[in-house]
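Atoms considered below: every heavy atom in the structure, side chains included; atoms not considered: hydrogens, waters and symmetry mates.
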Amino acid sequence: MFPQWRLIVAAVLSSSAYMTGIAGAADSFTATNGAILRAPEIAGLTCPQMTSLLQEYSSSGYRDAEMLSEDHPDRPIFDYEDQLATTFYDDCQAGTAQFLDTGSVFGRGFTD
């Protein structure tokens with residue numbers, strides 16, 4: 001009697017499963033190329049673990065250099081990888097300058 005109600009429930013359930021994959025609650029993803037990619041909870045990863053996982057995703061071949069379209073079957077994998085990369089940058093790269101005094105690096109100007 002209410003077919004629209006069924007569509008709404010299906011949409012809510014599928015978006016919930018999608019967000020679960022992004023949050024990393026899924027144990028792994030299986031890409032369309034057959035690659036199986038681990039997907040642990042990002043918040044619990046150390047910097048070396050994030051580095052290893054990012055290398056695993058990069059070498060899997062699940063995507064080219066191009067961003068995946070919103071309707072691509074591997075889009076949840078891309079979104080997880082993007083969240084992982086953002087967390088890695090924020091937690092492990094930003095603010096970890098190799099030079100304690102950056103003034104000496106940038107203060108010289110250009111030389112011939």
Side-chain angles (χ1 to χ4, degrees):
M1 181 174 202
F2 298 102
Q4 296 158 339
W5 178 79
R6 290 181 187 159
L7 292 174
I8 292 170
V9 169
V12 168
L13 290 175
S14 68
S15 68
S16 174
Y18 175 76
M19 291 308 291
T20 297
I22 292 175
D27 290 335
S28 64
F29 292 109
T30 301
T32 55
N33 71 351
I36 298 173
L37 299 164
R38 297 177 299 123
E41 185 67 39
I42 293 172
L45 297 174
T46 64
C47 292
Q49 289 171 325
M50 284 189 263
T51 299
S52 175
L53 200 53
L54 285 167
Q55 290 171 344
E56 181 180 323
Y57 275 64
S58 292
S59 65
S60 72
Y62 88 90
R63 66 174 176 83
D64 294 327
E66 299 294 319
M67 189 168 127
L68 299 178
S69 64
E70 292 293 326
D71 61 346
H72 193 282
D74 288 337
R75 184 58 193 230
I77 302 171
F78 179 84
D79 290 340
Y80 176 86
E81 182 186 17
D82 186 57
Q83 184 180 8
L84 177 64
T86 299
T87 302
F88 174 76
Y89 178 78
D90 291 343
D91 294 355
C92 306
Q93 297 296 309
T96 59
Q98 294 179 359
F99 300 100
L100 296 177
D101 179 13
T102 55
S104 64
V105 175
F106 298 108
R108 291 188 209 123
F110 295 101
T111 60
D112 292 331

By side chain to side chain contact (heavy atoms under 4.5 Å, CB included), which residues pair with [X], not counting sequence neighbours?
| X | value |
| --- | --- |
| Asp71 | Ser69 |
| Thr32 | His72, Pro73, Asp74 |
| Thr30 | Ile36 |
| Leu54 | Glu81, Leu84, Ala85, Phe88 |

Would you say the side-chain atoms of Asn33 pair up with the backbone N or O of Ser60, donor to acceptor, closer than 3.5 Å?
yes
What one should report as the nearest heavy-atom pair of Arg63 and Leu68 is CB-CD2, 4.1 Å
In this structure, CD1 of Ile77 is separated from CZ of Phe29 (nearest 0.5 Å) by 6.0 Å
So Arg38 and Asp27, do their side chains get closer than 4.5 Å, heavy atoms only?
no
Side chain proximity check, Pro40 to Leu45, heavy atoms < 4.5 angstrom:
yes
Could you name each residue pair satisfying ring pair (Phe, Tyr, Trp, His ring centres under 6.0 Å) that touches residues 33-65, not counting sequence neighbours?
Tyr57-Tyr80
What pairs meet the disulfide (SG to SG under 2.5 Å) rule with one or both residues in residues 30-73, with sequence neighbours excluded?
Cys47-Cys92
Any side-chain donor paired with an acceptor under 3.5 Å for Gln49 and Ser52?
no
